[in-house]
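So the structure is just underneath, and the comments pick up after that.
Numbers restart at 1 for each chain; the letters A, B, ... are given by sequence-line order, proteins then strands. Computed from a prediction, not measured in an experiment: that's the story for all the values here.
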2 protein chains.
Amino acid sequence: MVHGHLKPVSSRLTVQTIGRLSLYRRLLLEVSASGARQIYSHQLATAAVATPAQVRRDLMAIGFSGSPRRGYAVDDLIAAINAVLARNVETSVALVGVGNLGRAILAYFANREPWVRFTAAFDRDPDKVNRILHGCRVYPIDRAEEIIRRDGIRAAAIAVPASEAQHTADRLVLAGVRSFLNFAPVRLHVPTGTFVDDVDMTTALDRVAFYAHQPQGS
Amino acid sequence: MVHGHLKPVSSRLTVQTIGRLSLYRRLLLEVSASGARQIYSHQLATAAVATPAQVRRDLMAIGFSGSPRRGYAVDDLIAAINAVLARNVETSVALVGVGNLGRAILAYFANREPWVRFTAAFDRDPDKVNRILHGCRVYPIDRAEEIIRRDGIRAAAIAVPASEAQHTADRLVLAGVRSFLNFAPVRLHVPTGTFVDDVDMTTALDRVAFYAHQPQGS
DNA sequence: AGCTATCTGTGACTGCGTTCACAATGTGAA
DNA sequence: TTCACATTGTGAACGCAGTCACAGATAGCT
Ligand SMILES: NC(=O)c1ccc[n+]([C@@H]2O[C@H](COP(=O)([O-])OP(=O)(O)OC[C@H]3O[C@@H](n4cnc5c(N)ncnc54)[C@H](O)[C@@H]3O)[C@@H](O)[C@H]2O)c1
Ligand SMILES: NC(=O)c1ccc[n+]([C@@H]2O[C@H](COP(=O)([O-])OP(=O)(O)OC[C@H]3O[C@@H](n4cnc5c(N)ncnc54)[C@H](O)[C@@H]3O)[C@@H](O)[C@H]2O)c1
């Protein structure tokens, strides 16, 4: 029984489901490494801090089936998620802004997610360019359009100061980028059809500070 | 769909509203610096990439009123948001894990958000402790409970490897921390009444990779 | 002072993500 | 082979964040 395959469901997958699939895959890779070959929805749910029904709905959304009393086949499920999340191809991502955060990101993802690879980085500081950092070549920002077009890069992480973020996004959109990982604490204006995922640590820190003051359990 | 998750329902302010208020404040501080004294809901909405009705609802939620035809008083609104988000006091935050990401965070927030301050950092690597980094003292992890209790710290950022995150959270909870900024790509199990805001760059990158493959749009 | 344009405040509504609840399933045991 | 029952698959119900639409308000204009 083959589970999971490409199908015309992509546009029906919500952004929330995509996010949880990413989490499920990470958890499943550990489960698989530990030797388990089957897993129940309630087990995955516990690991993901979600409900069993949520897990089953998500797997239903990608057309993956389990079997009653045996649960889901771990390795097949990993393969199915791989097929959905990145079409089983390696996605090239550009990084703009090789500062403290940009360097941490290059270091972290260098060998960690095989399906995603930072293939080019850009900065406007002459001291930071024209070298290779964690396997990623750093170019001057002026060459961004050229490299992105040449390599057909469609995803980019923005790690420049907030004041430069919108301008940077505008350039990248024109060069062909249609999916952004935005670390700047501002919201980007992009054309319809362009995806932006905001990783706003500033807002997150403010939220954490707020809830630190809430009286326990009221 | 909510970015953070709280075990009980505590305030009438939703976590989404708290997040947007943080964004509004950041935008308003720029508006104020530029000299404007009043602002309309549709102007704030444009800057925040939201709708005017959304902005008005959020301000209504904190009991802030504007005036027809004049809009909202910028500085009063900033003060109102300050009062709500952190009770007008400086919130002390602990950092656990002074690696690449932890150091970037200490550097970034050192002088940027006056209402939040990293007052103590912890690491288990002896080479990284017993020094001051960007104004934050770094202690060995064994002293975490002692320092957190002594200083009454209730918020913490977790920037240790994923395999250490749950164990770290458990320790911090016992020491009195009830609000977490979690950078590890796992979901934390915490007691009811404890807040966790996940900043999951791994999931975010997977989402960005997914949408980079979507054929032109949505 | 009265009029008007336009913004705010908010009850009602909508859409959608999540959860519920249970019928369908098929496995493993006897 | 038969049976028992834990688990899956999913239509329906639910809850709530977000949006609509308009009544109410007020500053500026004549
Ligand atoms: N470091 C953190 O922990 C942290 C936390 C919250 C938010 N952020 C956000 O992430 C972004 C990066 O933060 P950081 O700490 O790495 O900043 P940083 O100042 O260390 O690095 C910014 C880098 O961007 C480069 N740059 C500036 N303008 C550019 C342009 N127009 N084109 C190309 N490169 C340009 C600079 O040369 C520098 O190398 C900022 O938007 C910041 O608000 C960072
Ligand atoms: N760096 C990034 O850009 C990035 C991206 C995505 C996710 N993350 C996550 O953020 C976290 C930190 O990432 P990083 O790149 O800074 O890792 P890192 O390896 O550079 O730093 C981890 C630090 O934690 C310390 N540590 C380990 N176990 C500890 C413990 N039990 N108690 C106290 N300290 C301990 C280590 O000594 C080290 O200094 C990880 O969970 C990682 O998955 C980081």
Side-chain angles (χ1 to χ4, degrees), chain A residues 1-4 7 9 11-24 28 31 36-74 76-77 80 187 198 203 207, chain B residues 1-24 28 31 36-74 76-77 80 187 203 207 218:
Chain A
M1 44 160 119
V2 174
H3 302 127
K7 64 194 75 61
V9 293
S11 49
R12 287 195 233 166
L13 292 176
T14 66
V15 65
Q16 296 94 323
T17 294
I18 297 295
R20 283 189 298 265
L21 288 172
S22 164
L23 174 60
Y24 297 158
L28 287 165
V31 166
R37 300 186 60 238
Q38 300 284 133
I39 191 169
Y40 298 129
S41 61
H42 68 262
Q43 296 177 306
L44 234 192
T46 300
V49 189
T51 65
Q54 179 76 83
V55 169
R56 280 184 252 126
R57 269 261 183 273
D58 288 333
L59 302 194
M60 189 172 65
I62 63 170
F64 188 86
S65 293
S67 109
R69 296 206 53 123
R70 269 197 329 174
Y72 300 93
V74 174
D76 289 353
L77 181 47
R187 301 295 305 274
D198 292 303
T203 288
R207 269 195 298 248
Chain B
M1 88 190 254
V2 272
H3 200 189
H5 53 283
L6 185 64
K7 289 301 189 143
V9 180
S10 77
S11 174
R12 58 219 157 275
L13 256 41
T14 67
V15 67
Q16 296 93 327
T17 295
I18 297 296
R20 284 188 297 265
L21 288 172
S22 165
L23 174 61
Y24 297 159
L28 287 165
V31 166
R37 309 262 63 98
Q38 301 284 132
I39 192 171
Y40 297 128
S41 62
H42 68 261
Q43 296 176 304
L44 233 191
T46 300
V49 189
T51 64
Q54 179 76 83
V55 169
R56 280 184 250 124
R57 270 258 182 270
D58 288 334
L59 301 195
M60 190 171 64
I62 61 170
F64 189 85
S65 292
S67 122
R69 298 221 44 141
R70 267 194 324 167
Y72 299 94
V74 174
D76 289 355
L77 181 48
R187 303 292 307 272
T203 289
R207 267 195 299 248
S218 178

From Q16(B) atom CD to Q54(B) atom CD, the distance as rounded to the nearest 0.5 Å: 9.0 Å
Whole-Å distance separating the CG atom of D58(B) from the P atom of dA17(D): 11 Å
Side chain to side chain contact (heavy atoms under 4.5 Å, CB included) partners for R69(B), two or more places apart: none
d(CZ, R20(B); P, dA17(D)) in whole Å: 9 Å
Pairs involving residues 42-55 of chain B, ordered by first then second residue, that meet salt bridge (charged side-chain N to carboxylate O under 4.0 Å, His left out) (sequence neighbours left out): none
Closest to the T14(A) side chain, choosing from dT18(C), dT19(D), dG17(C): dG17(C)
Non-neighbouring partners of Q38(B) that pass side chain to side chain contact (heavy atoms under 4.5 Å, CB included), sequence neighbours left out: R70(B), A73(B)
Below 4.0 Å: OP1/OP2 of dG17(C) and any side-chain N or O of Q54(A): no
With sequence neighbours excluded, residues passing side chain to side chain contact (heavy atoms under 4.5 Å, CB included) with V31(A): A36(A), I39(A), V74(A)
Value in whole Å for how far the P atom of dT19(D) lies from CD of Q16(B): 12 Å
Contact pattern, 5' to 3', of nucleotides 5-12 of chain C - B, S or - by protein heavy atom under 4.0 Å: BBBBBBBB
Whole-Å distance separating the CD1 atom of I62(A) from the P atom of dG9(D): 11 Å
Residue pairs fulfilling side chain to side chain donor-acceptor pair (under 3.5 Å) with at least one residue in residues 39-50 of chain A, sequence neighbours excluded: S41(A)-R56(A)
